[in-house]
Amino acid sequence: MEAASSVQRLKVRHGKIKIRTFNRSTFVLQLTLSFILLFTIIAPFFLDYSAIDIQTAIFYTLDNLKMMFLQPALNQVTLGAALYQILITLSLAFLSTLIGAVISFFLSIASAKNLMPSYISNIIIAFNSFIRAVPTVLWVLIFAIVAGLGSVAAVLGMTLHTIAYLTKAYSESIEDIDNGMIEALRATGAKWWHIIVHVVLPQTSSYMVSWTFLRFETNYGVAIAMGAAAAAGGIGFELFMASSFYYDLHEVGMITYFALAIALILEFISIWIKNRLIGSR
Amino acid sequence: MPQVLTMERKDMTEYKTSENKGQQGETLLKVENLYKSYNRNTLVLQNVQMALKQGEFVSIIGPSGAGKSTLLRCINRMIDPTSGSILFDGVEMTTLNKADLRSQRAKIGMVFQHYNLVSRLSVFENVLHGRFGYKSTLQGVLSLFTEEEKKLALEILDKLGMKEFAYKRCDQLSGGQKQRVGIARALVQQPKLLLCDEPIASLDPNSSKVIMDHLKDISETMGITVLVNLHQVDVALKYSDRIIGLNKGSIVYEGIPENLSNMAIRDIYGSEIEDLILE
């Protein structure tokens with residue numbers, strides 16, 4: 001009796017039992033996917049190719065890529081100068097990550113919903129999403145109004161974006177802490193700062209370090225772009241000179257390889273740190 | 001009870017602030033007309049009255065959702081009661097300001113179902129967390145514990161059979177071991193009252209017995225009042241000096257275990273009596 005009535009409630013289609021029911025979220029998902037598909041198909045028809053012969057375009061692109069990546073060479077910059085410029089780029093990234101991380105730590109405590117009243121955290125979260133919505137380049141250019149184009153504006157802009165990013169990342173790992181631990185310490189009569197230092201810090205430090213390093217990698221990439229776009233110096237500026245000023249594709253290729261090598265090294269270091277931290281204390 | 005425990009008792013009492021060693025008599029906690037509601041429609045606690053004496057072992061039993069945890073948390077004001085009075089150690093708890101509440105909480109230890117230890121810290125560090133109620137902000141932040149406090153922590157760990165694990169990280173312990181660390185953290189506060197919220201609900205029968213034996217020993221030898229929330233009626237019958245039955249936020253039974261008849265259990269658990277596993 002009971003089994004029969006429960007079977008009747010099952011959704012059956014073409015004699016087969018459905019395992020998923022149609023609801024709002026699947027509807028929205030399917031709608032979004034079909035729109036993306038539609039635009040992908042119709043977009044190429046609206047592009048204007050009239051001035052370009054596709055065959056020669058493809059040929060020249062491949063030729064340029066060959067010049068860049070198969071025949072890299074340094075012509076205007078020496079090897080030592082290139083390495084020095086990379087160091088400058090790394091310092092830009094390092095500085096903005098460091099300043100950003102310190103400020104983010106305090107902001108993330110203030111914006112974690114399990115430590116602070118929600119109106120304070122909501123204010124910070126709203127501020128953060130505003131800062132994150134504006135691209136880093138734009139922040140750098142905004143700061144350039146007061147600081148002038150250069151490394152100061154670049155660090156300020158990158159720091160601001162880093163703060164917004166890391167505050168979110170940190171506060172999410174703080175919110176993941178088991179509330180029981182905080183409750184247990186409150187019950188002993190511990191003060192708020194005791195809980196921060198002895199519960200929040202030990203439970204989140206490994207996540208915070210790996211988030212910070214991830215942001216450092218991102219900032220390294222951004223710092224290269226800032227060198228080109230905001231005259232912040234470093235390898236990005238050399239890249240800009242080689243491509244737009246000297247039109248030297250060989251050198252563009254070589255600098256790209258340099259940047260890539262450093263990015264790979266950073267990646268390895270980050271994996272190593274993560275394994276050390278999450279593995280054991 | 002293990003022999004070791006009785007041997008160590010003498011050293012323990014030296015560190016106790018309380019002058020009483022187990023004799024019952026003085027009223028430590030008096031709860032009167034306690035009401036708690038989370039919203040306008042439902043009362044979680046209704047007109048709760050109870051009085052606990054020094055060194056007493058009292059169990060609160062009742063079905064899930066009866067308000068056992070809420071009652072416990074109202075006592076140290078982890079949850080603020082809606083109305084009523086809680087007189088603990090001569091101080092009215094409900095009207096305390098933040099700083100006074102903190103020093104009052106230091107005198108009340110709490111033990112949790114899920115132990116609530118900071119998993120990435122060592123056993124030793126977790127036990128010392130119990131001293132924060134006596135510390136200033138700076139002392140606590142910089143972990144400035146005196147040698148006496150460290151010795152006290154080690155002695156309590158030794159008493160609970162956990163001394164050898166002092167430097168072990170808490171996420172490497174078993175449930176029973178974690179709960180013993182939880183008890184040690186509460187004892188290092190040198191409390192007058194120990195609130196235990198379902199201390200054995202996540203433990204196997206063996207560990208449960210060890211934990212309950214320790215709690216009983218604490219109330220008998222250290223003169224600390226122990227108030228335990230329990231699911232298991234048989235455990236409550238075996239260990240308690242007194243049993244309080246809670247149903248839908250009201251006390252429906254209060255008395256010694258011997259007087260807890262099947263009728264009374266029926267009153268406490270109501271229609272859920274069928275789900276109760278007895279013996």
Side-chain angles (χ1 to χ4, degrees), chain A residues 102 105-110 112-120 169-213 273-281, chain B residues 69 72-73 75-79 98-122 125-143 167-172 181-182 185-191 194-195 197:
Chain A
V102 172
F105 174 71
F106 292 101
L107 277 181
S108 68
I109 291 169
K113 287 212 159 73
N114 50 352
L115 295 173
M116 276 287 185
S118 58
Y119 70 93
I120 294 178
Y170 290 173
S171 73
E172 269 170 16
S173 34
I174 292 175
E175 278 164 7
D176 272 348
I177 294 176
D178 180 7
N179 263 328
M181 295 176 194
I182 296 168
E183 187 193 20
L185 256 77
R186 280 210 305 136
T188 67
K191 286 188 171 183
W192 191 78
W193 277 109
H194 298 164
I195 295 171
I196 299 297
V197 174
H198 295 280
V199 179
V200 173
L201 214 53
Q203 291 298 107
T204 56
S205 58
S206 60
Y207 298 101
M208 285 187 180
V209 170
S210 62
W211 275 116
T212 311
F213 210 86
I273 289 178
K274 210 179 282 178
N275 288 343
R276 288 288 306 251
L277 278 176
I278 295 185
S280 66
R281 197 159 69 101
Chain B
S69 289
L72 226 60
R73 281 170 171 74
I75 291 171
N76 62 356
R77 270 189 55 196
M78 299 301 289
I79 294 173
K98 249 183 168 178
D100 292 336
L101 177 63
R102 217 170 73 82
S103 51
Q104 231 17 42
R105 271 181 187 163
K107 290 190 261 175
I108 305 175
M110 197 160 187
V111 175
F112 303 86
Q113 177 184 349
H114 299 293
Y115 333 119
N116 294 353
L117 306 173
V118 183
S119 55
R120 281 161 185 270
L121 295 181
S122 70
E125 285 169 292
N126 267 288
V127 174
L128 284 170
H129 284 174
R131 296 302 299 178
F132 283 151
Y134 300 101
K135 298 272 170 203
S136 70
T137 303
L138 202 65
Q139 282 174 327
V141 164
L142 300 175
S143 305
Y167 292 106
K168 205 153 186 177
R169 243 173 83 150
C170 280
D171 48 12
Q172 296 169 343
V181 177
R185 177 174 62 191
L187 284 184
V188 92
Q189 290 175 240
Q190 297 173 310
L194 203 57
L195 303 173
D197 187 22

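In what follows, chains carry the letters A, B, and so on, assigned in the order in which the sequence lines appear, proteins first and then strands, with residues in each chain numbered from 1. None of the values given here were measured: they were computed from a predicted structure. Every heavy atom of this structure was used, including side-chain atoms; hydrogens, water molecules and symmetry mates were not.
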**Message:** Looking only at heavy atoms and a cut-off of under 4.5 Å, which of B:Gly140, B:Gly130, B:Ser136, B:Ala186 has the most pairs with chain A?
**Reply:** B:Gly140
**Item:** B:Ser143 side, atom OG; B:Glu125 side, atom CD - distance, nearest 0.5 Å
**Value:** 7.0 Å
**Asked** Between A:Lys113 and A:Ser118, do the side chains contain an N or O donor and an N or O acceptor separated by less than 3.5 Å?
**Response** no
**Request:** Tell me, for B:His114 versus chain A, whether the close heavy atoms (under 4.5 Å) come from the side chain, the backbone, both or neither.
**Result:** neither
**Message:** Regarding B:Gln190 and B:Arg131, do their side chains bring together a donor and an acceptor under 3.5 Å, going by distance alone?
**Reply:** yes
**Asked** Which one, B:Asn76, B:Leu117, B:Val111, B:Leu138, leads in non-hydrogen pairs under 4.5 Å with chain A?
**Response** B:Leu117
**Message:** Which label fits A:His194 and A:His198: parallel for a plane angle under 30°, tilted from 30 to 60°, or perpendicular past 60°?
**Reply:** perpendicular
**Prompt:** If you count heavy-atom pairs under 4.5 Å between each of B:Met110, B:Arg105, B:Lys135, B:Lys107 and chain A, which one has the most?
**Reply:** B:Arg105
**Request:** Say whether B:Tyr134 and B:Ser103, considering side chains only, have a donor N or O and an acceptor N or O under 3.5 Å apart.
**Result:** no
**Atom group of B:Arg77 that falls short of 4.5 Å from chain A, counting heavy atoms** = neither
